[in-house]
Every structure is written in structure tokens, then in C-alpha cells.
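Comments concern the structure below.
Numbers restart at 1 for each chain; the letters A, B, ... are given by sequence-line order, proteins then strands. The model shown is predicted, which means the values in this text are computed figures rather than measured ones. Worth knowing before you read on, the calculation uses all heavy atoms, side chains too, and leaves out hydrogens, waters and symmetry mates.
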Amino acid sequence: MKGSPLTRQIIEIINSIPYGKVSTYGNIAAAAGNPRAARQVVRVLHTFSESEDLPWWRVVNREGRIALKRGFGFEEQFDLLISEGIELTSAGCANLDRYGWDVDDGISGNKE
DNA sequence: GCCATGGCTAGTA
DNA sequence: GCCATGGCTAGTA
């Protein structure tokens with residue numbers, strides 16, 4: 001295990017995204033204590049996805065869309081999300097009102 | 001120097 | 001479509 005406190009915080013949050021849900025770079029960053037650290041989330045995904053067994057595919061951009069490019073992971077992420085029952089548009093966009101998850105949801109029950 | 005962002009603008013339809 | 005942003009890993013010595 002490696003990384004600064006913020007890095008480990010981000011790892012912990014990503015690991016707590018439930019099956020069948022997605023979270024966004026910005027939300028994870030904010031939950032980790034720095035709303036502007038979205039890019040750190042990107043970095044963590046790059047660096048620790050494998051070693052920390054992160055559910056990297058459950059992280060999407062602010063619009064609920066897969067950020068990866070076609071031919072560079074997009075298809076894999078698409079399939080993984082579909083396999084968890086998440087509906088996606090052909091562009092790889094999920095409805096955040098329905099599938100979005102924030103850390104708070106895990107603490108104080110569900111929204112909706 | 002890197003990064004899978006996010007937010008805001010210009011410029012077209 | 002541009003550019004300001006934030007924090008730091010990987011890999012070598």
C-alpha cells in the first residue's frame with residue numbers, strides 16, 4: 001500500500017462504490033476533501049486500479065458518461081457497467097439520478 | 001511532466 | 001474547444 005492521505009482517501013471511496021452504481025471524478029474528489037482534486041482521482045485510477053483492485057469502471061465523468069476513448073478501454077468499461085445492470089446510451093452515458101452514488105448515500109441510507 | 005476533469009467562452013445554426 | 005487546476009507516482013541512482 002502506497003500513497004499520501006488524500007490518495008488513500010480516494011482509494012477508500014472508490015472501493016466503497018456499490019455494485020450497480022457509479023460515481024463521478026468530482027464527487028469522489030469532494031468526498032475526499034478537495035472538490036478540485038478531480039484529476040487526482042484520475043491519477044489514482046491510473047496508478048492503483050490494479051494493485052488496489054479498484055472498481056475503476058464505476059467512475060464516470062460529471063455527465064455520467066464514460067470518459068475513456070473507444071479502443072482505449074471504453075468498450076471494456078461499457079460491458080462491465082452493463083453487466084452490473086446499468087443502462088447506458090450508445091454513447092456510454094448513464095443516468096446519474098438513477099445510478100449516481102455519493103458517499104453520503106452509504107452513510108445515511110438511500111436518496112430518491 | 002502527467003492525467004480517464006470541469007467549467008466557461010466563442011462561434012455557428 | 002480551450003486552459004486553469006492539484007497533487008504526486010514511477011523509476012532511476
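Residues A/Ile11 and A/Leu54 are in side-chain contact: their nearest non-hydrogen atoms beyond the backbone lie under 4.5 Å apart. A/Leu6 is listed as a side-chain neighbour of A/Ile10, based on a closest heavy-atom distance under 4.5 Å. In this structure the side chain of A/Ile86 reaches within 4.5 angstrom of the side chain of A/Leu88, judged on heavy atoms. Side chains of A/Ile14 and A/Pro55 form a contact here, defined as non-hydrogen atoms less than 4.5 Å apart. At least one side-chain heavy atom of A/Ile17 sits under 4.5 Å from a side-chain heavy atom of A/Ser23. At a threshold of 4.5 Å between non-hydrogen side-chain atoms, the residues A/Thr89 and A/Asn95 do not count as touching. Side-chain contact between A/Trp56 and A/Gln77 is present, with at least one heavy-atom pair separated by less than 4.5 Å.
Residues A/Trp57 and A/Glu84 bring a donor and an acceptor atom of their side chains to less than 3.5 Å of each other.
Position along DNA chain B of the nearest nucleotide to A/Asn61 versus A/His46 favours A/His46 as the more 5'-ward residue.
Distance A/Ile28 CD1 to B/dG6 C1': 14 Å, rounded to the nearest Å. B/dC3 atom P lies 18 Å from atom CG of A/Leu54, rounded to whole Å. Remark: P of B/dT5 and OH of A/Tyr25 are 6 Å apart, rounded to the nearest angstrom. If you take CG of A/Leu45 and P of B/dC2, they are 19 Å apart, rounded to a whole angstrom. Note: CZ (A/Arg8) to P (C/dC8) measures 10 Å, nearest angstrom. When the P atom of B/dG6 is taken as reference, atom CD of A/Glu63 falls 9 Å away, rounded to whole Å. To the nearest angstrom, P of B/dG7 lies 10 Å from CG of A/Asn27. In this entry the distance linking CZ of A/Arg62 with C1' of C/dT5 reads 16 Å, nearest Å.
Near DNA chain B, defined here as any heavy-atom distance below 4.0 Å, there are no residues from residues 77-88 of chain A.
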Check nucleotides 9-12 of chain C against the protein and report each pair of N or O atoms closer than 3.5 Å, with its distance, or say if there are none.
unit_1, atom_1, unit_2, atom_2, d
C/dT9, OP1, A/Thr7, OG1, 3.4
C/dT9, O4', A/Arg43, NH2, 3.4
C/dT9, O2, A/Arg43, NH2, 3.4

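Considering only residues two or more places apart in sequence or on other chains, A/Phe78 meets the ring-ring contact (aromatic ring centres under 6.0 Å, His included) condition with A/Phe74.
Among C/dT5, C/dG7, B/dA4, the nucleotide with an atom closest to any side-chain atom of A/Arg36 is C/dT5.
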Using residues 39-47 of chain A as the side-chain source, report each donor-acceptor pair under 3.5 Å to any protein atom, sequence neighbours left out, with the distance given to one decimal.
unit_1, atom_1, unit_2, atom_2, d
A/Thr47, OG1, A/Arg43, O, 2.9

What side-chain donor-acceptor pairs closer than 3.5 Å can you find for residues 64-72 of chain A, not counting sequence neighbours?
unit_1, atom_1, unit_2, atom_2, d
A/Arg65, NH1, A/Glu63, OE1, 2.6
A/Arg65, NH2, A/Glu63, OE1, 3.0
A/Arg70, NH2, A/Ser90, O, 3.0

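The neighbour count for A/Glu75 CD, taken as heavy atoms of other residues, nucleotides or ligands under 6.0 Å away, is above 12.
As judged by a 4.0 angstrom heavy-atom cut-off over every strand, A/Arg39 is placed among the base-contacting residues. If you check every strand for non-hydrogen atoms under 4.0 Å, A/Ile66 touches nothing.
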Could you provide the dot-bracket string of DNA chain C, using ( ) for intrastrand pairs, [ ] for crossing pairs and | for bases paired to another strand, with Watson-Crick or G-U pairs below 3.5 Å? ||||.|||.....

